[in-house]
Amino acid sequence: MARYYLTCAIDYANGEPHAGHAFEKVGADVIARYRRSLGDDVRFAIGMDEHGQGIAEEAARRGSDPQAFVDEMANVWGGVWRRLGISNDDFIRTTEARHSRAVVAIIERMREAGDLYTDRYAGYYCVRCERFRKENELADGRCPLHPKREITWTEEENYFFRLSRYRDPLLQHLETHPEFVQPASRRNEILRLLEGGLDDISASRSRLPWGIPFPGAQDHTVYVWMDALTNYLSTTGFPEDGYEDWWPAHLHVIGKDITRFHCVIWPAMLLSAGVELPRTVWAHGFVSVAGGKISKDAGSELNLDELNDRHGKDAFRFFLMREAPWDGDRNFSSAAELLERFDRRYNAELANDLGNLVSRTAAMVHKYREGRALPGGETVLDEARVSSLRAYHDRMEAFLLHEGIEAILGLVRRANAFVDHEEPWKLAKEGESAADRLDSALGALVRCLRSVAAMLGPFMPDKAAELWQRMGGSEGPPTYAEAAAAPVAAGLQAGEAASAATPIDVRKGPSLFPRYDPDP
RNA sequence: GGCAGGGUAGCUCAGCCUGGUAGAGCAAGGGACUCAUAAGCCCUAGGUCGCGGGUUCAAAUCCCGCCCCUGCCA
């Protein structure tokens, strides 16, 4: 069984999660579930970044002890992810002992490699960015990203990491591994950044107690980004034996705003420490409202739990993946527009197209064949089904999740047209003479819905499982193998997909996606 | 300021690489049907393809300039 380790960026524990965070978690979860549906042994890790001055200050502001504060935040965030159906196998927190052990280990390896040295640093320090800014980087004497914060002149003796030394190796790695940074637009940005040269960066902070003590200099703490990045390694058990069962990671899912940390600093740290590099860093775009990240402004109208409850969590997951491209951005002009599109998509695509297809199929199988769909012969719908499976598989392997959904919906539309074209109700009236044709049509529809369930599983786990079971599937999530989709996944001939079908007992049930009628 | 991507039907976008009748989905209007969640199916879009030049028999599609938006870096 192939192993597959993927991660999300860990979240900074100084505030509440919003729809933008959900976009990343759901996308990564879709990939995790997709890999599982293919039979991979998946490890999916998410977590919290709990160190740094920003946390210490927020805790103080709330009159709380930092540890108590991050404990509370971990509960809040973890709860949200549970309600969204995020199937993470681990939840790493940077205040855990297993994490600081890994951080200390990697720092020590970097030191042994001769990549750490001490120097005096002076500059303006932005607490929110957790980084120094040069004078010419300031706007009106403040950090351009956080203009509301005072920025303070700071001088300190720091440890530095010889990042500059890794410019050429990194460039070479990106050249020889084009899949390392994706999508390609992000890779180009990193290439250009590297071509411009790299400065060494500080690896420690003094007078900042809320962090991991720097090995060999207990009055310093490890630079928060180096601390945070190492989480990907610490969930594998690094540096203990056996961590290589999961490392290198196949995929780091991150936001496009932190590519430099994941595509430059992190791999440089790993190169320095003599640890293998992750295979791919995927930088997704943002879901935004009125041009800004979804946050406090839109937050009142776009509360995550309310969005989750509006049409059910699976519908919300579907909406996020359907509406926003996984390789780009999606801006809504207002919170109202977002909700309107959510409602429309829900009614048009889930209730009308898919939900109705499920009920009309189940109803016909019961009305004309007492609930049992016979295999019948292959139809044009089987051809459409196989090509959808192919397209879906292609798109999902390329991490184009929104296009994967499109492949599913295309098949659903096709199936509805197929019903109207075949007119099974007429075939039923014709009796014996049309019996074969009726069986073929109903069989094709049931096979189609089984494949839809398999493809939909990563996006809408509960609804897909329900659909799967109604269409004669066994307990548990649908898989490629069982959904007559295995030949496609395995690259075999298309025709074999349908021939595996045997009589299928179909169950009727309440509407899978009841139409939403907003205050008639 | 440098680099990258983008500006196409009311909305969200595809097409542009490999020039030659402008497409899809949603929303809207009409029709035939009845298995179904009054859902589905079929028909209906006359949009200066950001602006101005150029190349060509022919440009949304290639070249040049400009305007606007977004991102990365300064």
Side-chain angles (χ1 to χ4, degrees), chain A residues 133-139 144-145 181 183-199 255-261 263-264 283-288 290-293 311 319 322-325 327-334 336-338 340-369 371 373 400 402-403 405-410 412-429 438 441-442 445-446 449 506 508-517 520:
Chain A
R133 291 200 166 272
K134 296 170 192 161
E135 193 135 16
N136 62 5
E137 287 182 309
L138 302 181
L145 266 48
V181 180
S185 55
R186 300 299 154 202
R187 174 169 176 269
N188 291 339
E189 286 173 4
I190 296 299
L191 282 172
R192 267 177 273 119
L193 188 148
L194 289 172
E195 283 159 6
L198 294 176
D199 294 330
K256 65 180 183 179
D257 56 336
I258 50 178
T259 50
R260 55 188 296 118
F261 297 103
C263 306
V264 177
H284 65 169
F286 295 123
V287 174
S288 60
K293 276 197 204 179
H311 307 299
F319 173 67
R322 169 68 171 145
E323 192 75 25
D327 62 344
D329 299 317
R330 176 67 170 94
N331 178 52
F332 296 92
S333 57
S334 65
E337 189 207 0
L338 185 151
E340 191 187 321
R341 294 198 66 97
F342 187 11
D343 295 345
R344 277 189 190 174
R345 288 241 187 250
Y346 176 79
N347 270 346
E349 297 178 335
L350 294 182
N352 296 351
D353 288 347
L354 176 56
N356 185 49
L357 175 65
V358 172
S359 28
R360 70 199 303 209
T361 299
M364 289 188 288
V365 171
H366 274 264
K367 204 160 186 169
Y368 308 138
R369 286 294 182 267
L400 298 174
H402 54 297
E403 293 184 10
I405 282 196
E406 180 62 44
I408 303 171
L409 293 177
V412 169
R413 281 193 289 268
R414 191 63 200 279
N416 273 317
F418 175 79
V419 173
D420 284 82
H421 182 263
E422 291 297 304
E423 302 181 302
W425 47 95
K426 285 189 182 169
L427 299 176
K429 282 180 191 160
L438 181 56
L442 296 181
L445 282 167
V446 172
L449 284 175
V506 173
K508 292 207 278 191
S511 292
L512 212 49
F513 302 101
R515 258 188 83 83
Y516 171 68
D517 197 0

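If you're wondering where the values come from, they're calculated on a predicted model, not measured in any experiment. Here is how names work: the chains are called A, B, and so on, in the same order as the sequence lines, proteins then strands, and each is numbered from 1.
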Measure from the side-chain heavy atoms of [X] and tell me the nearest of [options].
X      : options             : result
A:K256 : B:C41, B:U37, B:G71 : B:G71
A:R341 : B:C26, B:U37, B:U12 : B:U12
A:R515 : B:U37, B:U34, B:A27 : B:U37
A:R192 : B:A4, B:U37, B:C35  : B:A4
A:D329 : B:C35, B:U70, B:C72 : B:U70
A:E349 : B:C35, B:U37, B:G25 : B:G25
A:E189 : B:C72, B:A27, B:C41 : B:C72
A:S359 : B:U37, B:C11, B:C35 : B:U37
A:M364 : B:C73, B:C35, B:A36 : B:C35
A:R344 : B:A27, B:U37, B:G40 : B:A27

With a 4.0 Å cut-off, would you call [X] and [Y] a salt bridge?
X      : Y      : value
A:E406 : A:R413 : yes
A:E189 : A:R192 : no
A:D420 : A:R360 : yes

Students often get this wrong, so: under 4.0 angstrom with heavy atoms, is [X] touching a base, only sugar-phosphate, or nothing?
X      : value
A:D353 : sugar-phosphate
A:L357 : nothing
A:R186 : sugar-phosphate

Separation of the [atom1] atoms in [N] and [M], to the nearest angstrom:
N     : M     : atom1 : value
B:U55 : B:G65 : C1'   : 15 Å
B:G30 : B:U70 : P     : 41 Å
B:C64 : B:G2  : P     : 16 Å
B:G40 : B:C35 : C1'   : 10 Å
B:G54 : B:A45 : P     : 34 Å
B:G47 : B:C3  : C1'   : 33 Å
B:C49 : B:C13 : C1'   : 13 Å
B:U56 : B:G20 : C1'   : 11 Å

Would you say a side-chain N or O of A:R360 is under 4.0 Å from OP1 or OP2 of B:C41?
no
Tightest non-hydrogen contact, residues A:V181 and A:C263, listed as CG2-SG, 3.6 Å
(message) I want to know whether A:F342 and A:F319 have ring centres closer than 6.0 Å.
(response) yes
Between A:I190 and A:Y368, whichever has its closest RNA chain B nucleotide further toward 5' is A:Y368
Scanning all shown strands, the Watson-Crick or wobble mate of B:C13 with both distances under 3.5 Å is B:G23
The Watson-Crick or G-U wobble partner of B:C62, with both key distances under 3.5 Å, is B:G54
Notebook entry, point to check: Does a distance-only test, which skips hydrogens and angles, find a donor-acceptor pair under 3.5 Å between the side chain of A:N352 and the base of B:A39?
Noted result: no
